[in-house]
Peer 1: 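I have a structure here, written as structure tokens, and I will follow up with some questions on it.
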2 protein chains.
Amino acid sequence: MTEPSAVGRDPEAVSKFVEGFAAQLVEAGMQRMAARVFAALLASDSGAMTSAELGEQLQVSPAAVSGAVRYLAQVHMVSREREPGSRRERYRVHSDQWYEALTSRDAVLKRWEHTLREGVDSLGVTTPGGQRIAETLAFFEYLQGELGQLMERWREHRDKTFGQG
Amino acid sequence: MTEPSAVGRDPEAVSKFVEGFAAQLVEAGMQRMAARVFAALLASDSGAMTSAELGEQLQVSPAAVSGAVRYLAQVHMVSREREPGSRRERYRVHSDQWYEALTSRDAVLKRWEHTLREGVDSLGVTTPGGQRIAETLAFFEYLQGELGQLMERWREHRDKTFGQG
DNA sequence: CGCTTCTTTCAGAAATTTGTGAAGTTAAGG
DNA sequence: CCTTAACTTCACAAATTTCTGAAAGAAGCG
């Protein structure tokens with residue numbers, strides 16, 4: 001048995017993790033290719049890969065990579081970097097920022113809240129359905145506020161654990 | 001203009017909300033039919049509907065309803081009730097419990113954590129990729145603990161706001 | 001400017017998902 | 001027991017999504 005940490009990355013082990021984690025992201029609703037690209041970046045050495053590297057590792061076309069990173073950038077799970085002096089682009093996962101995207105999906109939550117508010121209005125706050133929706137709305141509003149604080153506490157906790165641990 | 005709260009439910013307004021909210025749930029990764037069934041229940045008067053009622057309102061076959069409620073029950077977003085003295089079943093959304101399912105997806109989080117832990121192990125904690133995954137894992141562990149407390153605070157908050165407000 | 005390298009867009013093929021009708025299963029009530 | 005009302009399962013058709021190859025678009029570099 002080879003020792004991954006000694007010889008560097010074991011491509012098979014990496015691939016196993018990438019595909020496994022990607023499958024779970026897919027199950028949670030993410031597009032397959034985006035999930036695979038994301039998992040590959042997460043497991044990469046530098047946290048950044050070029051389109052060619054991604055296509056090579058995942059055995060997919062440049063077009064597929066392009067679509068995936070467009071989506072990932074849109075939801076702030078990766079950022080794009082231009083390599084100076086080249087058209088080559090580099091896609092990076094900021095380990096300290098990607099999961100913030102998960103919790104601070106402001107835009108998404110805001111739209112949910114808008115739809116729920118419309119629902120309360122058009123059903124009427126006095127109807128049972130309206131009240132049920134109003135409670136759901138209140139929950140999301142509460143959640144949004146709390147998540148912000150939660151993330152602050154997490155950063156503190158992380159700095160203690162990882163920063164000097 | 002009719003007054004929904006006076007004349008009872010305005011089917012058009014209900015449908016507009018149901019389809020709109022369902023669309024957002026779909027965008028967030030939920031199956032279309034499950035989303036529609038769930039939204040219909042949320043907007044319903046009693047918070048519960050029979051298979052026939054759902055099929056009628058959403059214009060879909062019994063088979064589609066069956067599949068949708070099976071999924072929804074699995075993720076604890078609705079519960080099934082047997083009407084005593086009849087084979088007819090009733091599907092209910094507990095307004096105070098469905099969004100708890102959103103935050104306390106223990107099983108899902110546990111599986112994510114398991115996959116991430118495997119990833120750390122097989123890449124090695126000393127590799128950059130391993131460390132990045134370890135931080136993600138730590139975040140999810142933290143999140144899981146915090147969400148439990150968050151939900152307790154929410155219940156308190158809700159009781160104050162809705163219980164006697 | 002034009003060449004070259006990289007990325008994006010697009011039409012279409014392939015794969016997957018979704019919803020239906022029909023048959024199958026289960027249990028209440030005579 | 002048999003009938004019947006309800007739910008579920010299954011094979012298949014339809015719709016949607018996903019990925020590819022090819023062509024088009026951008027930008028560095030001579």
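Everything numeric in this text was worked out from a predicted model, so none of it was measured. A note on names: the letters A, B, ... follow the listed sequences, proteins ahead of strands, and every chain is numbered from 1.
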Peer 1: Counting only heavy atoms and a strict 4.0 angstrom limit, can you tell me which residues of residues 45-54 of chain B come near DNA chain D?
Peer 2: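 Of all residues in residues 45-54 of chain B, the ones placing a heavy atom under 4.0 Å from DNA chain D are B:S51.
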Peer 1: For the residue pair B:Y71 and B:M33, establish whether any side-chain heavy-atom pair is separated by less than 4.5 Å.
Peer 2: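 They are not in contact (no side-chain heavy atoms under 4.5 Å apart), so the answer is no.
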Peer 1: Verify, without hydrogens or angle tests, whether A:R36 (side chain) and A:L58 (backbone) share a donor-acceptor contact under 3.5 angstrom.
Peer 2: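 Yes, because the side chain of A:R36 sits within donor-acceptor range (under 3.5 Å) of the backbone of A:L58.
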Peer 1: Report yes or no: does B:S122 contribute a side-chain atom to a donor-acceptor pair with the main-chain N or O of B:E118 at less than 3.5 Å?
Peer 2: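 Indeed, once roles are kept as given, a pair shorter than 3.5 Å links the two residues.
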Peer 1: Where do A:K110 and A:Q144 land on the side-chain contact (heavy atoms from CB on, under 4.5 Å) test, with the steps shown first?
Peer 2: CA-CA 9 Å; A:K110 282 269 187 277; A:Q144 189 158 27; 3.6 Å; yes
Peer 1: Please enumerate all protein N or O atoms sitting under 3.5 Å from an N or O of nucleotides 25-30 of chain D, with distances to 0.1 Å.
Peer 2:
residue: D:dA27; atom: N3; partner: A:R87; partner atom: NE; Å: 2.9
residue: D:dA27; atom: N3; partner: A:R87; partner atom: NH2; Å: 3.4
residue: D:dC29; atom: OP1; partner: A:G85; partner atom: O; Å: 3.1

Peer 1: For B:A43 versus B:V14, what's the shortest heavy-atom pair and its separation?
Peer 2: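 The pair with the smallest heavy-atom distance is CB-CG1, 4.3 Å.
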Peer 1: Would you confirm whether B:R32, through its side chain, and B:A22, through its main-chain N or O, come within 3.5 Å as a donor-acceptor pair?
Peer 2: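 Looks like no, no N/O pair under 3.5 Å.
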Peer 1: Does this structure show an ion pair linking B:R88 with B:E53, if we count only N-O contacts that are shorter than 4.0 Å?
Peer 2: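 No, this pair does not count.
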Peer 1: Determine, using the 4.5 Å side-chain heavy-atom cutoff (strictly less than), whether B:W98 and B:M151 are members of one ILVMFWY cluster.
Peer 2: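 Looking at the clustering, B:M151 is in the same group as B:W98.
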Peer 1: When all nucleic acid strands are considered with a 4.0 Å heavy-atom cut-off, which category describes B:R90: base, sugar-phosphate, or nothing?
Peer 2: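 The answer is nothing, as B:R90 stays clear of every strand by at least 4.0 Å.
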Peer 1: Does B:V26 belong to the same Ile/Leu/Val/Met/Phe/Trp/Tyr cluster as B:V65, with side-chain heavy atoms less than 4.5 Å apart forming each link?
Peer 2: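 No, because B:V26 and B:V65 fall into different hydrophobic clusters, even though each may have its own neighbours under 4.5 Å.
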Peer 1: Which residue pairs pass the side-chain hydrogen bond (donor to acceptor under 3.5 Å, both in side chains) test with at least one member in residues 74-84 of chain B, sequence neighbours excluded?
Peer 2: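 Listed once each, the pairs are B:S79-B:H94, B:E81-B:R92, B:E83-B:R90.
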Peer 1: Under 3.5 Å, side chain of B:T161 to main-chain N/O of B:H157, donor-acceptor pair present?
Peer 2: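 Side chain of B:T161 to backbone of B:H157: a pair is present.
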Peer 1: Verify, without hydrogens or angle tests, whether A:S44 (side chain) and A:L41 (backbone) share a donor-acceptor contact under 3.5 angstrom.
Peer 2: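 Checked: pair present.
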Peer 1: Distance under 4.0 Å to a non-hydrogen atom of chain B counts as contact; along DNA chain C, which nucleotides mark the start and end?
Peer 2: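 From 5' to 3', the first and last contacting nucleotides are C:dG19 to C:dG29.
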Peer 1: For B:W112 versus A:L25, what's the shortest heavy-atom pair and its separation?
Peer 2: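 That closest heavy-atom pairing would be CH2-CD2, 3.4 Å.
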Peer 1: Might you point out which heavy atoms bring B:A39 and B:F21 nearest each other, and give the distance in Å?
Peer 2: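 In this case the closest contact between B:A39 and B:F21 is CB-CD2, 4.2 Å.
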Peer 1: Look at the aromatic rings of B:Y99 and A:F139 and report parallel, tilted or perpendicular, splitting at 30° and 60°.
Peer 2: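 Rings of B:Y99 and A:F139: parallel, under 30°.
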Peer 1: Dump every N/O contact between nucleotides 18-20 of chain D and the protein below 3.5 Å, one line per pair.
Peer 2:
residue: D:dT20; atom: OP2; partner: A:S61; partner atom: N; Å: 3.0
residue: D:dT20; atom: OP2; partner: A:S61; partner atom: OG; Å: 2.9

Peer 1: Can you give me the N/O atom pairs linking the protein to nucleotides 12-14 of chain D at distances under 3.5 Å, or say none if there are none?
Peer 2:
none

